[in-house]
Amino acid sequence: MNLSTKHVKAGLAVATSITLMAGAAVFAAPAQANNYKIGVSNSWAGNSWRETMVCAIKAEATLSGKVASVTVLSRNTDAAGQSADIRTLKTQGVNAIIVNSGDPSANNAAIAEAVAAGIKVITVDNSTTAPNTTFVANDQVAYGRVGAKALIKAMGGKGNILYMRGASGAGADTDRDKGFREVVAKYPKVKITKEVFTNWDWATGGTLANQLLVPGKFQGVWTSGIDYNVVTAMGKKLKNKYIPVVGSDNNEFIRLSNTLTSKGFVGIVVPNPAIVGGAALKVAVDLLDGKMVPATNLLKPKALTVKKNKKNLASRYVPTQEATFSSTLSLPGYTTFTPAQLFRCKAPQDSNDGGR
Amino acid sequence: MNVIQLKRQSWNLAIILLALVLGIWRISQLPQFGAYEARTFVLGILPIALLSMGQAIIIIGGGINLAIGAEAVLINCLSARYMQDTTFTESVVLAIVFILVGMLIGALIGWIIAVSGIADIVVTLATSFLLVGVAMYVMPQPGGGVNQQFADLVSGKVPNFIPPLIWLILPIILIWIPLYRSKLGISMYAIGSSKEAAFLSGVNVKLTKIKLYAIGGLFAGLSGLVLTGITLSSSPFANISNTATLNSVAGAVLGGVALSGGVGGLVGPALAALILFFIPTILLAYGIDPAYSQIITGALTIFVVLFGGLLRKRTAGKK
Amino acid sequence: MRSFKVLDESRISKSMLSLFGILFILYIVTGLLDPYNFSIPAIGNIFYLAAALGLLAAGQTICMLTGGIDLSLAMIATGAAFIVSVKSSSGLPIALSLALLYCVVIGAINGLAVGLLGMNPLIMTLGMNAVLIGVFTVGVTTFLRGSSTVPDLLITLSTASIIDTSSWVSESVSADPRSWPVFVSIIDTLTWPFFIWALISAVVLFILIKTGLGRLIYAVGDNARAARLAGVKVWQVQTTAYILCAILGGMGGILLGGQSGAVALSLANSFLLPSIAAVVIGGTSIMGGIGNYKGTMMGTLILTSLSSLLTTLNSSEAVKQMIYGAIVLTLAWIYAKISEGA
Amino acid sequence: MSGQSSLLKIESLEKSYGPVLALKNANFEVLSGEIHALLGANGAGKSTLVKILTGVISGNSGSISLNGKPVGFSSPDDARKNGIAPVFQDPALIPDLSIQRNLALTGTDEKRFITELSAMGLNVNLNEVAVNIELPLLRMIDLARALSHDPELLILDEITAALPVDLAEKVISIMNSQKNKGKSVIFISHRLAEIEEICDRATVLRDGINVDTFAASRGSEERIVAAMLGDKNKVSNKLSDSKKIDRSNSVFLEAKSISAGKYLKDLSFQIRKGEVLGVAALEGQGQDLLFEILAGESKLETGEIFVNNKKVTLNHPRDAISMGISYVPGDRKSALMPQRSIRENLALTRFRGISKWGMINTKSEENQVDDAISSLQIDTRAKSQVKRLSGGNQQKVTIGRWVTTGFDLLLCFDPTRGIDVGTKQQIYDLIRKFADQGKSVLLFTSELREIQMVCDRAIVIYEGKVQADLSIDLCSEENLMNAAHGILVAK
């Protein structure tokens, strides 16, 4: 009985999707190898990290040789707007959609419609609760964990922490908070004495740092990526007496960590590579090729300090790139592009040479 | 038909024409056009179209509501929080309650404006902060949910595009047309056109203002509920409410509502939302960065208002 | 018949007094909750933090006095900061000139559209805002691609004290700053942003009170037709006002960029509504023709103190927003009552 | 009159705006079936009284009774329901609404309205939007709308001001027919002749108190003026002998074949230095456009303007000002900055060019402003905001601005409209003083007798042309009126 209902349901689903696809199949290019159409929906434009993520998708698509075009819908929009974008991509006839969702569940309906139409949906960076999707991201819980461990170590196992989080309610922030508190709870001499949200906004972060950094009040600072202006603020507010800071792989933070070591600064770099987009593209192509891919693909971060990883950090700094550039240039096993190809940021359809 | 009526009609005509041209253009770009695509169009504009209509009512009445986006966000958060894990009947009852809450909030804002005598823009600016704060209090993080049947009632089961279309048209039939014909409707145009003359004609200016803000709040409530129905979720962010507010003003103005008050209707703003939806998607099909659509949208709003202003100047000059 | 200085004095002094009162109460409350706030460095910090908002609000004041409003101000500010940081590789003077040019051009477009073509300022600047967001979003990946690092000199100018005292206080990092010598604290208070804000404020006050342009800004805001009948070319005044507004906004943006250490598209976004709120709290009418920059300065300080109070209170974002809104509303209300009574 | 019953009775009514007492102990009675004139100088409390009667505001103390029953009106609607219908100088019709929707707004019966309007010999397209209708017709529409409610008491506030003669006559006949129906009318006007002619009784207010009530008849003028002015100086009807027409003075401005708008067609005239030239015309003959063209505010379509025998183009008021032509518009509000001080209003023209945007020379400005204030006797008690000045003082500020600036020709458009008698006299004196200084004044007035009092010569505009160019001895009201109606005047 149970079995038969399942069969009926499956049959119905197949029938529905065939009906749905019937019209599209005539016009849309058949999803043959070397001819995939990839759609990207990104909920936040004009942000360096997201731009790099998109460039990584484009560059990797070009190099894969299997992608005909990458259609990017990248704009600052709300959940309804992003849902509309996902639907628009579906009507555009893409084979796979890579979504960096601005909301963990608000796009589920639109994603489900795409999945029902046989489109592979890969969520990147921010997880969603939509079923039948593949998730590719940096492991944010581990991010919080390794960052906390390194910070407490640099603080000598005691003291007060200025805890500058990201945006309240964002998936990455919640995950990092989980990992961070897990570790802090194990050290009774370490206290989070001030907790603020930067909303991942440099102006807010800078203002808060300037307001809160008072000599003697804190022995360590956690940032959720709004990092190097906190270090700059220390120069002024703490009169160049630096305390340890956990930051991300922002170009400028890496530079400061390298150069200010001589002044006693301990910068803890926990990379959060933006080129995770390239990994998402590889997963998308694998899925379209019919390969088996796990539902969740997490990249494990490591905490880097000048003391332990001098070479790594020295090579990460890219002088030609902007301060907020996410300075991780390759993900072994996922990406194949060179830095130059990444910076070029061309999709396969962008030029006659296929962008290569 | 006199000059002004003709002009008002020609404006609507121009907007219908523009929406049609863009619509056909967009459809011609698609591999196929069917119910699903139609549904995508309607779902894409429904929340902002409702919000633009609410804004239009307030602007016609001589005000402006910079808190209308925040009202919608608050109702979005309230409904996604309390309608999660409810039965269909409960959801419907709650929906009615939240629409009333939206009206109440609108009425409260109207009351503050009427009693304090502070400019609309200042009061609504301040209340927009307040309401977003309350929304964040209700839903500290994005999330929540809603009864699936209720969601289907709002957005229709794929690929049924009729329910959202009904939600777009129903408010015009059930709220706008009776309003336009009622004494309140005439009073709305009256206080927008000339507060003094309206007062001398026996209009209770303050009460009318409160009622109009309440109706605006009703539309904001509808918009928030529809958002919940479409996204099955809520997001309590200030930037969302600000963007929605600014878009609602752009939509109303593009739809032929004069910012000086007393002129316009609700069909224009609904169509304007459609136009604002088509522009980026058409560009997308040409592989153009959607950021360009921001430029075009902004420039279009400016030019439409400029054109309308010149038209008004010319008719006024003929007096 | 001699003393003409009575410029609606009673009303303005009354509201200025109440603004002072509110500022004082906010300060006392913040101080009682965290005694550190009573120290000189903490006071200096308020001025330091208020500077960027103060500049943006100065621009908005000029605009609103003419009966206009500039909703594109945040993007003008962000754009100026962007241009300076990206073009700083060609030298700071060139970068700054380009930013200035940008502000003048955008301000002029806004002003000419409002003044000559009769555009509604709300819609014009709203549209301009959308256009600028689009232009810079495209720009980040095309013509403005490059390092958005703010040059060191600008960082110094937007964060440092005028006199560097770091070598004077040697082994006192862990010590409470209240134990530092008083003269060090006082010198620390004199930061570049504070100085720049004070300097620009003096200029703005001078323009508004002591120059013909200032008179015309008020005149146009009060009754543009009267100004025209008196032989004033109103569009010239409006255009100048929008250009001034854009330049002040650009300066605020660059300062903000320096304080943030980085430039992003959202740099000044969160300052747009506060810039209007500061002007409103300061008693400038949104209809134009009445108000002054002194009030706006008080408004800026009140908003800055308020946000530092809320941070001190560890209040959640929700509570922050609610209190912020309630305070702006209450102040506007009190102000309306005061001016009604006079 | 003894048989008439009391319709409206006001007893010891008081109203204050903050510290200013607008009405103190005012008593006023209207009998049924009478036309009662309500008179008083500006600021005497007339408009406050009307506002209270029509429910716009409410009094602080005192009593109002209607047909012997005490009443109080909470809103204009409330007053209308009690049978009181006002018609104001600025019609209370919503500009953006059609006449039909305007009628619906006040719950007026359309058929009744059309009947009332056609009884006046007028008709209107009900779909027409109010903003497209000429002001005089709009006032008549407002009046017809008020009549449709069959009011016990009709309040006409300055309705005949600037109304063409034919329409003004219609208003008067309507008042009479109301009276014949046993209904009452309160009539407010600055035109004393009208009052003498049609009103049964008149009540004069001064400083918020009713100072005199008497039966109006021809010859009441002296009594009215005396009551309005109190102990202040009385007005002489004739001016001093300062008028000396010197035809030998050279021509300052000449207009040749000016055409513009709907009205002005081929209009020509000259004005000499030291001459006060009167302009008379019925409403809507394009005189306002003529003034605006000379002031550089409106564009000339064809024709030429010569100043000191040189052809000039006036594209902006600044061009006119640089030619020495200054403009005092009919609507004071459009020339003043209501929220700014007297000083700023007087000194405004100092900064008109970009080259003058720099630092203000405080000393010279102060001297200049002081001079203007003392020579024009401007009351400076409320100097911080001109909106708090009385209408007369506001008008002095608009003229004073040009005294500080200096001018050769002053364009005065109905400068005494809605101003009390005392201030009117000051303005007449001022205009004559300008002429004595060799300056020219072009004066349009809707009160024809002013022409004989102030001018050296007058032109009458009819159908866009100069119908008559009359020397002062021919400027009797009768002659002017004939010419204004297109009837030739013998020279």
Side-chain angles (χ1 to χ4, degrees), chain B residues 64 66-67 70 109 112 115-140 236-239 242 246-247 249-250 253-254 258-260 288-306 308-310 312-313, chain C residues 69 71-72 109 113 117-142 266 269-270 272-274 276-277 279-281 285-287 315-337 339-340:
Chain B
I64 188 162
L66 296 187
I109 294 174
I112 294 174
V115 169
S116 67
I118 314 171
D120 298 54
I121 191 168
V122 175
V123 173
T124 54
L125 185 67
T127 38
S128 74
F129 292 121
L130 244 166
L131 293 176
V132 170
V134 177
M136 286 175 165
Y137 183 77
V138 172
M139 284 299 293
F237 295 125
N239 59 344
N242 289 339
L246 298 186
N247 283 340
V249 175
V253 165
L254 205 58
L259 217 57
S260 47
I288 300 168
D289 189 329
Y292 283 100
S293 71
Q294 279 267 10
I295 304 177
I296 294 176
T297 309
L300 184 72
T301 315
I302 293 171
F303 280 115
V304 161
V305 173
L306 190 60
L310 292 179
R312 204 157 293 143
K313 245 185 211 165
Chain C
I69 192 167
L71 295 183
S72 61
I109 295 174
L117 302 176
M119 281 289 291
N120 180 307
L122 205 68
I123 291 298
M124 180 59 216
T125 55
L126 195 62
M128 179 56 88
N129 191 50
V131 170
L132 291 180
I133 289 175
V135 167
F136 281 99
T137 310
V138 173
V140 176
T141 54
T142 53
S266 59
N269 270 1
S270 53
L272 175 62
L273 297 182
I276 298 169
V279 181
V280 168
I281 292 174
S285 162
I286 208 149
M287 307 304 186
S315 47
S316 71
E317 192 65 19
V319 174
K320 263 187 195 175
Q321 291 266 347
M322 283 191 260
I323 292 183
Y324 199 83
I327 294 261
V328 173
L329 187 60
T330 316
L331 285 183
W333 204 329
I334 291 172
Y335 188 83
K337 287 294 155 208
S339 55
E340 224 169 67

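In what follows, every chain begins at residue 1, and chains take the letters A, B, ... in the order their sequences are listed.
- Heavy atoms of C:Ile323 lying under 4.5 Å from chain B are absent altogether.
- Residue B:Ala119 comes nearest to C:Met287 through the heavy atom pair CB-CE, 4.5 Å, listed as atom of the first residue, atom of the second, then distance.
- Looking at B:Ala238, the atoms closer than 4.5 Å to chain C (heavy atoms on both sides) all sit in the side chain, from C-beta outward.
- By the 4.5 Å heavy-atom criterion applied to side chains, C:Leu273 and B:Phe129 are counted as neighbours.
- For the options B:Val132, B:Leu125, B:Leu300, B:Thr297, heavy-atom pairs under 4.5 Å to chain C are most numerous at B:Leu125.
- Across all non-hydrogen atoms, the minimal contact from B:Gly133 to C:Gln321 is CA-CB, 3.5 Å.
- How far OG of C:Ser285 is from CD1 of B:Ile118: 12.0 Å, rounded to the nearest 0.5 Å.
- Of the atoms belonging to B:Leu246, heavy atoms from both backbone and side chain fall under 4.5 Å from chain C.
- If you take OG1 on C:Thr137 and OH on B:Tyr292, they are separated by 10.5 Å, rounding to the nearest 0.5 Å.
- Contacts of C:Val280 with chain B are made by side-chain atoms alone, with heavy-atom separations under 4.5 Å and no backbone atom involved.
- When heavy atoms are compared at a cutoff of 4.5 Å, B:Ile121 approaches chain C solely by way of its side chain, counted from C-beta outward.
- Contact count against chain C (heavy-atom pairs under 4.5 Å) is highest for B:Val134 among B:Val134, B:Val138, B:Thr301.
- Atom-to-atom distance recorded for B:Leu130:CG and C:Ile327:CD1 is 10.5 Å, nearest 0.5 angstrom.
- Nearest heavy atoms, B:Gln294 versus C:Gly134: CB-CA, 3.7 Å.
- Looking at heavy atoms from C-beta onward, B:Val122 lies out of side-chain contact with C:Ile276 at the 4.5 angstrom threshold.
- Residue contact with chain C, scored on non-hydrogen atoms closer than 4.5 Å, is absent for B:Leu131.
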For residues 120-132 of chain C, run the donor-acceptor check on the side chains, cut-off 3.5 Å, and write out each pair with its distance to 0.1 Å, sequence neighbours left out.
residue	atom	partner	partner atom	Å
C:Asn120	OD1	C:Leu122	N	2.8
C:Thr125	OG1	C:Leu71	N	3.0
C:Thr125	OG1	C:Pro121	O	2.7
C:Thr125	OG1	C:Leu122	O	3.4

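- Proximity to chain C involves both the backbone and the side chain of B:Val123, based on heavy atoms less than 4.5 angstrom apart.
- Counting heavy-atom pairs under 4.5 Å between each of C:Val328, C:Ile286, C:Val319 and chain B puts C:Ile286 at the top.
- Heavy atoms closer than 4.5 Å to chain C are found nowhere in B:Asn239, neither backbone nor side chain.
- The shortest distance between side-chain heavy atoms of B:Ile112 and C:Trp333 falls below 4.5 Å.
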